[in-house]
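Below is one structure; the comments refer to it alone.
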Amino acid sequence: MTRRYDEVMSLSLRRGFIWPSVDIYGGFAGFYDYGHLGAAMKRKWEDIWLKYFLGLSDRYHLIDTTNILPFKSLKASGHVDHFTDTLVKCSDCGVSHRGDHLVADTTGKSAEALSTAEIDSEIENLDIRCPECKGKLLPSTEFNMMFPLSVGPTGTDQAFLRPETAQGAYLNFKREFESLRRKIPYGLAIIGRAFRNEISPRQGTYRMREFIQAELQIFFNPRTFDDELDFASVEDEPIRISFEDEKEEGEVGEIRAGDLLDRLPKFYVYHMVKIQQFYLDILRVPRDRFRFAELGEKERAFYNKIHFDIEMNIDSLGGWGEINGIHYRTDHDLKGHQAGSNEKMTVSVEGERVLPHVLELSFGVDRNIWAFLDVFYENEERALLRLPREIAPITFGVFPLVSKGGLPELARKVHDSIKDDFSCFYDETGSIGKRYARMDEIGTPFCLTVDFDSLESDDVTVRDRDSTHQRRMSISGLPEGLRTLLKEGSGF
RNA sequence: GCGGGCAUAGUGUAGCCUGGUAUCACUUAAGCUUGCCAAGCUUAUAACUCGGGUUCAAAUCCCGGUGCCCGCACCA
């Protein structure tokens with residue numbers, strides 16, 4: 001596992017996908033930068049994500065919201081009080097424990113809502129000792145995972161870096177409800193950064209302190225949403241799913257969408273199908289590397305009524321890892337902001353007064369990028385990154401077979417004729433084989449090679465990355481021919 | 001946060017125990033070559049994580065910082 005991690009990281013460092021931020025000062029735990037290939041790939045991933053998910057409905061739209069949120073809004077959302085850990089340290093062995101867990105383990109009741117003072121008095125009353133060594137416990141300390149900020153010249157306006165992009169959607173719910181002409185369901189997508197002061201960031205881009213989320217928040221009327229979706233079109237789709245009791249074993253069942261309805265609501269299953277199709281059909285992730293994994297009651301946030309992680313099997317991270325989630329958050333968020341802001345969040349639709357519920361489709365962009373590098377990288381007989389062509393940082397390499405005899409000039413011309421339409425890369429150094437190999441390693445799906453025949457017959461060789469097979473294509477028909485090639489599949 | 005391990009060119013490494021001007025491969029660049037899959041030749045660029053100590057002399061020994069990896073804990 002570690003070897004695989006090193007392989008992927010080495011590729012990433014050498015070629016320019018991802019590396020630690022502030023590298024020249026020794027790095028900065030929990031922060032990573034994207035190099036030129038990584039940034040291009042990430043942008044393409046975001047584009048295809050947007051295109052697909054906004055394409056699910058005319059009523060799903062992209063918005064963009066601030067990274068910094070004031071105290072009040074995060075107080076109302078619950079983050080000020082609940083996005084915290086109460087840490088209790090043992091005076092003897094020095095091990096830290098979560099205070100609410102210690103209390104909960106003794107009383108059998110959730111202690112999540114207790115303050116540090118309350119937890120201290122519970123520990124005192126119940127005579128709770130360190131579970132490791134039975135030593136005496138020190139007074140508890142509060143640790144909030146949000147990064148605090150002071151805004152304004154006096155610094156008295158307390159704020160935080162947002163811990164999730166989702167809040168941006170909830171805060172804009174009312175405005176958009178008006179702009180979108182007072183109808184639900186509608187959806188707000190945000191691609192942006194979120195910030196969490198993780199206690200121990202680990203495993204590369206898997207747990208970062210600053211990370212990118214792509215989220216779609218769908219606001220709907222829980223009474224009618226099921227009927228507003230075309231479930232019949234997806235009901236026969238087999239869904240790859242692991243329920244709580246089977247996921248540790250790595251078991252993945254395939255259950256027909258229609259047969260999940262005795263356990264899950266229609267609207268939830270419908271979106272599971274759509275997400276699975278995005279991964280298996282659009283991004284062509286190998287089927288056995290994808291699944292939904294159920295979270296048990298203890299694992300999920302209290303406001304998530306239904307919560308499945310969306311996981312990929314990532315060798316460099318030791319197996320199944322959460323890259324996204326699909327959360328039924330009910331009316332928790334709008335209710336909280338309604339109470340906090342005194343703005344009415346209920347809306348009147350078709351004569352009915354409803355507080356909309358939220359279905360959140362949440363994607364970790366950095367985790368996706370890492371997962372794709374891992375899953376599609378092969379380093380056996382030749383180094384090969386089998387990225388789906390839509391997210392490959394470079395789509396076409398353009399080469400002269402050899403750098404003489406007028407070939408470079410013609411190859412340049414070919415390159416110039418398509419560079420405005422596609423991500424291209426021109427190269428004439430080294431041997432042709434080496435140039436192919438370089439492109440294979442960074443996932444470039446096709447290479448165009450100008451040879452001596454090209455001078456006579458106005459065509460070039462198109463080489464397919466995965467098969468290495470070639471065919472010829474006319475130069476004069478180029479931009480269009482390549483567009484067709486990308487659309488129809490390789491055909492090699 | 002605790003415990004353990006690790007840190008040498010862009011990447012991967014040798015050297016460290018036993019102190020004496022840092023090895024090898026790939027990569028990159030320039031030139032020669034090159035007729036379709038990392039060919040070859042020549043040349044070049046490039047590194048001891050940081051700070052302090054011991055010593056005539058530190059990549060090497062000692063102390064500290066930082067970072068990374070693993071385990072524990074944590075992951076609204």
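The figures here come from the full heavy-atom set of this structure, side chains too, leaving out hydrogens, waters and symmetry mates. The sequence lines fix the lettering, A, B, ..., with proteins before strands; numbering per chain opens at 1.
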Can you figure out which of [options] approaches the side chain of [X] most closely?
| X | options | answer |
| --- | --- | --- |
| A:Ala383 | B:rA38, B:rU28, B:rC69 | B:rA38 |
| A:Thr429 | B:rG35, B:rA30, B:rC69 | B:rA30 |
| A:Ala29 | B:rC69, B:rG67, B:rC37 | B:rG67 |
| A:Ser10 | B:rA38, B:rU11, B:rC36 | B:rU11 |

Please state how far atom [atom1] in [X] lies from atom [atom2] in [N], giving the value in whole angstrom units.
| X | N | atom1 | atom2 | answer |
| --- | --- | --- | --- | --- |
| A:Asn197 | B:rC74 | CG | C1' | 12 Å |
| A:Leu401 | B:rC36 | CG | P | 6 Å |
| A:Asp453 | B:rG35 | CG | P | 14 Å |
| A:Leu13 | B:rG10 | CG | P | 11 Å |
| A:Trp19 | B:rU11 | CH2 | C1' | 13 Å |
| A:Lys434 | B:rC26 | NZ | C1' | 9 Å |
| A:Arg15 | B:rG10 | CZ | C1' | 11 Å |
| A:Ile442 | B:rA38 | CD1 | P | 17 Å |

Scan every strand shown for a Watson-Crick or G-U wobble partner of [N], both distances under 3.5 Å, and answer none if you come up empty.
| N | answer |
| --- | --- |
| B:rC24 | B:rG12 |
| B:rC72 | B:rG1 |
| B:rU55 | none |
| B:rC6 | B:rG67 |
| B:rA46 | none |
| B:rC41 | B:rG31 |

In whole Å, what separates the [atom1] atom of [N] from that of [M]?
| N | M | atom1 | result |
| --- | --- | --- | --- |
| B:rU45 | B:rG31 | C1' | 15 Å |
| B:rA14 | B:rC48 | C1' | 12 Å |
| B:rA58 | B:rC17 | P | 14 Å |
| B:rG3 | B:rU23 | C1' | 35 Å |
| B:rC6 | B:rU21 | C1' | 27 Å |
| B:rG5 | B:rA9 | C1' | 24 Å |
| B:rU18 | B:rU27 | P | 38 Å |
| B:rC62 | B:rA47 | P | 26 Å |

Measure distances between side-chain N and O atoms of [X] and base N and O atoms of [N], and say whether any donor-acceptor pair falls under 3.5 Å.
| X | N | answer |
| --- | --- | --- |
| A:Ser403 | B:rU34 | yes |
| A:Tyr25 | B:rC50 | no |
| A:Arg435 | B:rC37 | no |
| A:Thr461 | B:rC36 | yes |

Using a heavy-atom cut-off of under 4.0 Å over every strand shown, decide if [X] touches base, sugar-phosphate, or nothing.
| X | value |
| --- | --- |
| A:Arg382 | nothing |
| A:Arg14 | sugar-phosphate |
| A:Gly16 | nothing |

Item to check | Over 12 non-hydrogen atoms of neighbours within 6.0 angstrom of NZ in A:Lys72 | outcome: no

Determine the interplanar angle of the [X] and [Y] rings, folded into 0 to 90°, and report it as parallel if under 30°, tilted if 30 to 60°, perpendicular if over 60°.
| X | Y | value |
| --- | --- | --- |
| A:Trp49 | A:Phe363 | perpendicular |
| A:Tyr268 | A:Phe308 | tilted |
| A:Phe31 | A:Phe147 | tilted |
| A:His327 | A:His307 | perpendicular |

Check: Are A:Ser12 and A:Trp370 linked by a side-chain donor-acceptor pair shorter than 3.5 Å?
Finding: no

RNA chain B nearest-nucleotide lookup for A:Lys404 and A:Ser431: closer to the 5′ end is A:Lys404

Ranking A:Met145 and A:Pro20 by the position along RNA chain B of their nearest nucleotide, the one closer to 5' is A:Pro20

Q.
Determine whether the aromatic ring centres of residues A:Phe173 and A:Phe219 are separated by less than 6.0 angstrom.
A. yes

Discussion item. Under 4.0 Å from OP1 or OP2 of B:rC36: is there any side-chain N or O of A:Tyr436 that close?
Written reply: no

Determine, for A:Asp315 against A:Arg289, whether the closest basic-nitrogen to carboxylate-oxygen distance falls under 4.0 angstrom. yes

